[in-house]
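Before any comments, here is the structure.
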Amino acid sequence: MPPLDILGTFQDPLNLDQGAGKLVNVRVVPREQTEGKPGRARFVGSPGLTQVCKPTSSPCISISHALGTIWSGHADGSIYRGVETPAPTLMGSVAVGAVPVIRFAEDRTALVITSNRNIINPGLYGTAYIATLSGVTNNGFDTSIDFDPSACAELDNFALYSGASNFYANQNSKMYRSKPLDPANVNANWFATKEARADRVVDLAISGRVLWPLGARSLEQWYNTGAGTDFPFQAFPNTLIDVGIAARKSLATLRSNIVFVATDRRVWRCNGQSGRGISPQWVDLLLQQLSLAELGSLTSYAYGQGGSDFYVLTLPGQWTLEMAGATGIWSYRKSPGRADHVGRCAIEDNGGVTYVGLDSGEVCALDLNSSSEPGGTLSREIVTPWVGSEEQRATFNALDVTSSMGPAAGAFDLDWSEDRATTWRGARQIIMPLPGTRRAIGREFGTGRRRQFRLRYSGTQAPFTIDEMFMYMSPGT
């Protein structure tokens, strides 16, 4: 019998695709043909999170480099620096809305900050700040240039601001730039207007040296011409995408990739001057059924590890999905004691360390050799798609695996279901064979038409690896 193939078929949270496979805190890693292995893929556990510090219990929603240290922004508006150390420093606070959004951008001279509330006038969208080693300062754009940005970016030593309201006439489609290396210095004439469509700018993102104004209904791409005294950036000719960003907090960027949930209720990835929808149909169906409030609450982050970049999308309190950029394969993330994953933002630091900000306020280091998060030990789960056929009964003789974890990993739980993962039967505990040895971990499962098998692990050994998995069947009665 060939090895089980669950590549590219996963169960969605609403169980619309009944009988599909499901991975929780486990990734699929496709094999190269040169490896000479019969299985098309191996399974590797998602990384753990090792706590570095906990500046506050308020959710960490933004994290960035600046001025030789790592900064974090929290849902209560507090801003900390030195969060890569056990003793971070509170530097000040910013005003945040009922659904908090804080944007960071790294300038050589300061941390550029925007938030989605203005305390001077509740009709304004946001406020711009800079943070230095002396503290957090309001830039005062709402009075100096009649502009209330809630989005920022940095490119070619210019701080860029947008995402404003129309409280001040005709401002919601404008982008302002700062004096180079002086992010708080913005002249009232240093602006340009997102021009191809009449929608407002919701957010800004950078891909390489391309500026992406992300609109409510369209996406444009701008570049630095090196000319023009007011705003040196201009739109590329003949480049426009007629889809907008629908869920602002779903925006995540990493290594020139810009990923977000768009107005067509699909996950989009943009790079350079191009973009396209990348989510499979079951993810699209899931997103299409969200209410506007749920859509607005989606949050995400991105990180890189092991030859791939990962996009993590969360509906808080309900589910978290993770996409591997190198393969386009989706799986689930789930933190101990929660229905979702606790991560909310991430940044790569020098030396290959990735820091992740958590919904519970901690800042943690990503660690493939860890099996835990601050909330406890991770549980791993592999659910196979249907094995067998509805048309013909079969005898399920044995389930074989190969794993590098070995008997020292401790007990795994194995069971099976014939009713679309509603009822699980035949529960047994198994021990992995010696590393590199292929062996049956279960025999004599009886006869049936089609079944799903589930393998679970809540032990502490990491990394979690299942190198091969085989099901042996014969004709049954």
Residue pairs meeting salt bridge (charged side-chain N to carboxylate O under 4.0 Å, His left out), one or both in residues 353-368, sequence neighbours left out, come to Lys54-Glu362, Arg338-Asp359, Arg344-Asp359
Residue set satisfying side chain to side chain donor-acceptor pair (under 3.5 Å) with Tyr223, at least two apart, ordered chain then number -> Gln234
Could you tell me if Tyr355 and His65 have a donor-acceptor pair between their side chains, going purely by distance under 3.5 Å? no
Residues 94-105 vs side chain to side chain donor-acceptor pair (under 3.5 Å), sequence neighbours excluded, gives Arg103-Asp203
Which heavy atom in Leu295 sits nearest to a heavy atom in Ala247, and how many Å separate them? O-CB, 3.3 Å
Close aromatic pair by centroid cut-off 6.0 Å: Tyr332 and His341: no
Plane angle bin for Phe412 and Phe464 - parallel if under 30°, tilted between 30 and 60°, otherwise perpendicular: tilted
Have Ser162 and Arg200 got a donor and an acceptor in their side chains that come within less than 3.5 Å? no
Check the side chains of Asn118 and Asp148 for a donor-acceptor pair under 3.5 angstrom, ignoring hydrogens and angles. no
Does the side chain of Asn257 come under 3.5 Å of the side chain of Asn271 through a donor N or O and an acceptor N or O? yes
Looking only at non-hydrogen atoms, find the nearest pair between Asn116 and Gly97 and report the distance. OD1-N, 2.9 Å
Centroid separation under 6.0 Å, is that true for the rings of Phe141 and Phe147? no
Can you tell me if Asp199 and Ser218 form a side-chain donor-acceptor pair at under 3.5 Å? yes
Is there a donor-acceptor contact under 3.5 Å linking the side chains of Gln171 and Ser165? no
Short side-chain donor-acceptor distance under 3.5 Å, Ser279 and Asp284: yes
Ser379-Ser458 side chain donor-acceptor pair, cut-off 3.5 Å: yes
Is the charged tip of Arg454 near the ring of Trp424: under 6.0 Å from the six-membered ring centre and within 45° of its axis? yes
Write down the atom of Trp330, the atom of Pro280, and the distance for their closest heavy-atom approach. NE1-CD, 3.1 Å
Give the minimum heavy-atom separation between Ala326 and Ser308, together with the two atoms involved. N-OG, 3.1 Å
Going by an N to O cut-off under 4.0 Å, is there a salt bridge joining Asp309 and Arg255? yes
Do Thr239 and Gln221 get their side chains close enough for a donor-acceptor pair, meaning under 3.5 Å? yes
State, to 0.1 Å, how close Val202 and Gly215 come at their nearest heavy-atom pair, and which atoms those are. CG2-C, 3.9 Å
Would you please say whether a donor-acceptor pair under 3.5 Å links the side chains of Ser404 and Thr465? yes
Taking the ring of Phe310 and the ring of Tyr303, is the distance between their centroids below 6.0 Å? yes
Is there a donor-acceptor contact under 3.5 Å from the side chain of Ser207 to the main chain of Ser256? yes
Any chance you could measure Thr229, atom OG1, to Asn187, atom CG, to the nearest 0.5 Å? 9.5 Å
Atom of Pro180, atom of Phe158 and distance for their closest heavy-atom approach: CG-CE2, 3.6 Å
From CH2 (Trp71) to CZ (Arg81), nearest 0.5 Å: 6.0 Å
Asn157 and Arg108 side chains, donor-acceptor separation under 3.5 Å: yes
Report the C-alpha separation of Glu322 and Arg27 in whole Å, then their side-chain angles, then the decisive distance to 0.1 Å, and conclude whether the salt bridge (Lys or Arg N to Asp or Glu O under 4.0 Å) test is met. CA-CA 9 Å; Glu322 179 177 276; Arg27 304 168 177 164; 3.5 Å; yes
So does Ser134 get a backbone contact from the side chain of Thr132, meaning a donor-acceptor N/O pair under 3.5 Å? yes
Applying the side chain to side chain contact (heavy atoms under 4.5 Å, CB included) criterion to Met175, which one of Phe231, Trp190, Phe191 satisfies it? Phe231
Side chains of Asn121 and Asp142: donor-acceptor distance under 3.5 Å anywhere? no
